[in-house]
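Notes for the one structure printed next.
Side-chain atoms are counted along with the backbone in the values below, which use heavy atoms only and exclude waters and symmetry mates. A, B, ... follow the sequence lines: proteins, then strands. Residue 1 opens every chain. In this text, all values refer to a predicted model and were calculated from it rather than measured experimentally.
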Amino acid sequence: MSDHGEQTSEHQPTFRYSATLAQDIELRWQDRWDADGTFEAPNPAGPLADAGRLADYGDKLFVLDMFPYPSGAGLHVGHPLGYIGTDVYSRFKRMTGHNVLYTMGFDAFGLPAEQYAVQTGQHPAITTDANVANMRRQLRRLGLSHDRRRSISTTDPEYYRWTQWIFTQIFNAWYDTEQERARPIAELIDEFASWRRATPDGTPWDALSPDARRRMIDDHRLAYVSDAPVNWCPGLGTVVANEEVTADGRSDRGNFPVFKRNMRQWMMRITAYADRLIDDLDLLDWSDAIITMQRNWIGRSHGARVDFASAVGPITVFTTRPDTLFGATFMVLAPEHPLVDQLTTADQADAVADYRRQAAAKKDADRQDDTREKSGVPTGSTATNPLTGEEIPVWIADYVLMGYGTGAIMAVPCGDQRDFEFARRFGLPIPAIQEPPATWFAERDIEPSLDTATWPEAFVGDAPYVNSANASLVLDGVGSVNEGKAMTTAWLAEHGLGEPTVTYKLRDWLFSRQRYWGEPFPIVYDDAGNPYPLPDSMLPVQLPDTDSFSPRTFDADDEFSNPESPLDRLTEWVNVTLDLGDGPKTYRRDTNVMPQWAGSCWYELRYLDPTNADRFVDPSVEQYWMGPRTDVRPDHPGGVDLYVGGVEHAVLHLLYARFWHKVLYDLGHLSSKEPYARLFNQGYILANAFKDERGIYVDAFSVTEADGHWYHDGNEVTREWGKMGKSLKNAVSPDEMYDAYGADTLRLYEMAMGPLDASRPWETRDVVGMYRFLQRLWRTMVDESTGRSIVSDDVADEETRRLLHRTIDIVRTEMDALRFNTAIAKLIELNNHVTKVVNANGSAPREVAEAMTLMAAPLVPHIAEELWSLLGHDDSLARHPFPVADPALLLDDEVEIPVQIRGKVKARIMVPADADEALITSIALADDKVIAALEGADPSTLRKVIVVPGRMVNLVP
RNA sequence: GCGGGCGUGGCGGAACUGGCAGACGCGCAGGAUUUAGGUUCCUGUUCUUCGGAGUGUGGGUUCGAGUCCCACCGCCCGCACCA
């Protein structure tokens, strides 16, 4: 960076806006903002209340960044893109009369922090604290207008005390499917005990043993211990959630193999909220892309449950196409289906056992390999198609998944591509039950026929049914799938063989991890292994200090290893004597920790009331900052006004946080139904990365270009795009930019590069453009040799005033819409014009200089504060009203409009701004160029004249 | 395969509900300042055979299309045997 730095030399004027001067200005204002508490946002109640400032600052606005992991590598210039965006927006909103809550915390628990600590051999608490301190320094140097009083770290016991408290709330809650909300578990016990609610198996409450009662209650809790298939990752030494497993069956952290194993683990009943998590997406101002991803992840399908009679009892399937039931010619069960043992006949026993063993040995990854050739074996048994009465064979195959629907399907080979392939492979019959339209055959280049042997694939869509009738249900001739579904479902319900039902892809959330660096569970077990939540008075359960924080990991492929939590080893901590209300007893602590997502499920709520020792957040404070805003829309769900972050959290953090928020809402702790009313996904900063012939990344900053090729140490290297980062050896640190140009230039460059939601390549050489602009802005108001203001009290000329007010008008609009790149372009245009005025007159008019300073302030706050002070103001401009355009100056008396002949621009004419069609036409027809372009055509015979007043004229001869 | 998004100068990107394509910045070229380089400033910069042509390709709607519709090509993202 040395060729960018050292801008000051003896040739330069003393008060030129150089990197050194910028640094001096920036550090000075950062200190002053802190000293004055400039960005502290008052609360309506509690320790941070300030009624006077609350009244002064205006409407509330909660602006939130996705908080970072404090990794050891520190920041590169890609990280703060979103933070700069939210800071500019927050500063703009303060100047337009808003009380803005804007702060930053640290998501410091979790695997990355722990792995870093393991690498360096230092306790995670020490490395985490150091990393947090370093990131705080780097972020402060950017001039972000955070309310520092509200900053939190998820690893602070005063914070995770409440994470644990929320866990006990969830543990002590159940989901009432009639009222469609979570309720305290005590109310369920009360309903069972008082006969208002029947117990699941009908046994009277009084007749149940205490253990049976406990089991029944525990089965209803929203946080529960379950012995179920989970994702075991030996390479990480822990189990992980479905959302943390990639499509090819590996961990998203570390890329280790993941195995399905039955283990006893904590689960959260997020599936109870599946419908609300989908339905409430309609209330959110989020991008369609993220909404679609959440909807797909939850995966709600409407269909029907159908019972097929068999010798061992009914086999229940789920189908989205009950209308095709007449075409069901066989059934397929997942290999793990519980009825397989009973269904398997003696002569199929060996084949079935073999197949099940193969399927079990396959990892998820192999089960969805690229060939996807169908495999399976018959069980030897049959079941009865309820519509046709036919006996159809029952197979097992691994293309049917135990984890979705009922783990069994009815196979309709003519109407489902997978069933079609399976039937072809094993020579099973494929009767047609719909007559596809002629176009379907034409597109596949075959003759229309109901003989499916000629079909290349299954038919899916609307078409008249054939061969679909029994004594009491006739679909033949019906042309609509929806109608067919309705008729079949009604028939099934009438005969007690099925009913409409809904199924989901979403599974319950695996919530425990066998690691050290996370929140301990606020749970202890008695001698019988029953869990007890700890009362509020015993929180927080502090993470015990130890040297052996490193988890036990295994050979990544050692499927049959078993997790060992680091906390298990700390026997003095694990075994405790507590009085939980019935006298002191010995208990064992839960030795799992929570997943890294726990702390980020509610951090925005703690920002609201960070020092409250009695509650996680004061209700009136939550109501003020996050309550529903019916002024925005009648069904506004409440929540953060603007949430900015990367798209990578589309289904992890954003789903979990919505779930917790809804539980807390149901239990009456919150007024907002959703945590994040508006979500904005910022893009990434990309950078070139270079690989040598071995495929190893080389230092991107020592690569040179010649004739369109790139060289490193004389060897040619290949270029590719990538996210900026250490692993690609292309990271640029913000510290380098501070030294070379200052923080304001870096901020301005990142905002000017392009729209905030687009990813864009970093080009260090482009940064100088914004630096030059700030130098020119400085020079329009400051004498470079004396450092004094050159602003005059002269009135600006008409042209300048009109340009100023047009600029104000546009900049306000663009900043409000987060389009900072275009706002910056307009400010540069204005400043370029003012530069000419200064060159001509020796000074800039005050009204222009002040407005320009205020407009630049959200983007480049340090230089703006300095200029504001040089212009004679004592106070910070942080809450000075943003300039307002004078409508009278937005309208010109005369405007230039283009004249088109047949849609091509041939001339430009000046017309009065309020000219009507007739006047514009006559002016256009009198123009020399127009007359020439019409080539003698008589104006009175024009076929068409289109006039858009104030915009353009189009003449068609 | 299914779903979503995007293709504009040498580069990053502008262009409101269809109405002057290429704002602003980088780079490049020329000039001024400077002993010189760098810095800073000024001017020019889509291509062009100077008629025009031009927003990935081909078609359509329209007085008028980067913008709307259809097909295709290319790139990016998500999901992936979900019954």
Once you measure the plane-to-plane angle for A:Tyr17 and A:Tyr771, does it fall in the parallel (<30°), tilted (30-60°) or perpendicular (>60°) bin? tilted

Decide if atom CG of A:Asp288 counts as having more than 12 heavy atoms of other residues, nucleotides or ligands within a radius under 6.0 Å. no

Look at all strands and tell whether A:Ser301 reaches a base, only sugar-phosphate, or nothing, counting heavy atoms closer than 4.0 Å. sugar-phosphate

Among B:rU39, B:rG19, B:rA83, the nucleotide that comes nearest once only the side chain of A:Met952 is considered: B:rG19

Any non-hydrogen side-chain atom of A:Ser287 less than 4.5 Å from a side-chain atom of A:Asn681? yes

Whole Å only: how far is the CZ atom of A:Arg908 from the P atom of B:rC20? 10 Å

Ignoring the backbone of A:Met293, work out which of B:rC81, B:rG19, B:rG78 is nearest its side chain. B:rG78

Kindly state whether the ring of A:Tyr749 and the ring of A:Trp762 have centres lying under 6.0 angstrom apart. yes

Nearest-neighbour nucleotide for the A:Gln900 side chain, B:rG19, B:rA83, B:rG27 considered: B:rG19

Whole-Å distance, A:Arg779 CZ to B:rU39 P, equals 14 Å

Could you check whether A:Val956 gets within reach of a base, just the sugar-phosphate, or nothing at all, counting any heavy atom under 4.0 Å? sugar-phosphate

Any donor and acceptor pair, going by atom type alone, linking the side chain of A:Arg300 with main-chain N or O of A:Tyr504 inside 3.5 Å? no

Take the protein atom OH of A:Tyr741 and the nucleotide atom P of B:rC26, then report the distance between them rounded to whole Å. 11 Å

Full working for salt bridge (Lys or Arg N to Asp or Glu O under 4.0 Å) between A:Arg16 and A:Asp783: CA-CA 8 Å; A:Arg16 168 157 297 170; A:Asp783 183 317; over 6 Å; no

Pick one for B:rG51: is it syn, with its angle within 90° of 0, or anti? syn

Separation of B:rC41 C1' from A:Glu784 CD (nearest whole Å): 10 Å

Among B:rC26, B:rC24, B:rC81, the nucleotide that comes nearest once only the side chain of A:Lys374 is considered: B:rC81

Who are the salt bridge (Lys or Arg N to Asp or Glu O under 4.0 Å) partners of A:Arg806, not counting sequence neighbours? A:Asp892

Between A:Leu654 and A:Gln294, the two heavy atoms sitting closest are CB-NE2, 3.4 Å

Tell me which residues in residues 832-842 of chain A put a heavy atom below 4.0 Å from RNA chain B, sorted by number, or none. A:Asn832

B:rG25 P sits how many Å from A:Leu774 CG, rounded? 13 Å

Output the rounded distance in Å from CG (A:Asp323) to P (B:rA83). 14 Å

B:rG78 phosphate, OP1 or OP2: any side-chain N/O from A:Arg295 under 4.0 angstrom? no

For the pair A:Ile946 and A:Gln900, evaluate side chain to side chain contact (heavy atoms under 4.5 Å, CB included) and give the outcome as yes or no after the intermediate values. CA-CA 9 Å; A:Ile946 292 112; A:Gln900 302 176 346; over 6 Å; no

By ring-ring contact (aromatic ring centres under 6.0 Å, His included), which residues pair with A:Phe422, not counting sequence neighbours? A:Phe330, A:Trp395, A:Tyr399, A:Phe426

Report yes if a side-chain nitrogen or oxygen of A:Arg776 is closer than 4.0 Å to either non-bridging phosphate oxygen (OP1 or OP2) of B:rC24; otherwise report no. no

Indicate, yes or no, whether a donor-acceptor pair under 3.5 Å links the base of B:rC24 to the side chain of A:Lys826. no

A:Gln417 side chain near B:rG1 phosphate (N/O to OP1/OP2, under 4.0 Å): no

Categorize A:Ile946 for me: base, sugar-phosphate, or nothing, with a 4.0 angstrom heavy-atom threshold over every strand shown. base

Does any donor atom in the side chain of A:Trp297 or A:Glu243 lie under 3.5 Å from an acceptor atom in the other side chain? yes

Given the P atoms of B:rC28 and B:rA21, what is the spacing between them in whole Å? 30 Å

Using 30° and 60° as the class boundaries, would you call the ring planes of A:Tyr404 and A:Phe318 parallel, tilted or perpendicular? perpendicular

Between P on B:rA23 and CD1 on A:Ile810, what's the gap in Å once rounded to a whole number? 15 Å

Can you tabulate the close N/O pairs, meaning under 3.5 Å, that link protein atoms to atoms of nucleotides 30-33 of chain B?
none

Using a 3.5 Å limit on both distances, find every run of at least three consecutive Watson-Crick or G-U pairs that involves RNA chain B. B:1-7 with B:73-79, B:10-12 with B:24-26, B:27-32 with B:40-45, B:56-60 with B:68-72

Side-chain touch A:Gln23/A:Tyr741, heavy atoms, less than 4.5 angstrom: no

B/S/- contact track for nucleotides 3-14 of chain B, protein heavy atom under 4.0 Å: S--------SSS

In this structure, how many angstroms lie between the C1' atom of B:rG78 and the NZ atom of A:Lys505, rounded? 11 Å

Does either side chain, that of A:Asn841 or that of A:Ser843, offer a donor lying less than 3.5 Å from an acceptor on the other one? no

As a test of the definition: with a 90° window around 0 for syn, would you call B:rG52 syn or anti? anti

A:Thr316 versus A:Asp307, side-chain donor and acceptor atoms under 3.5 Å: yes

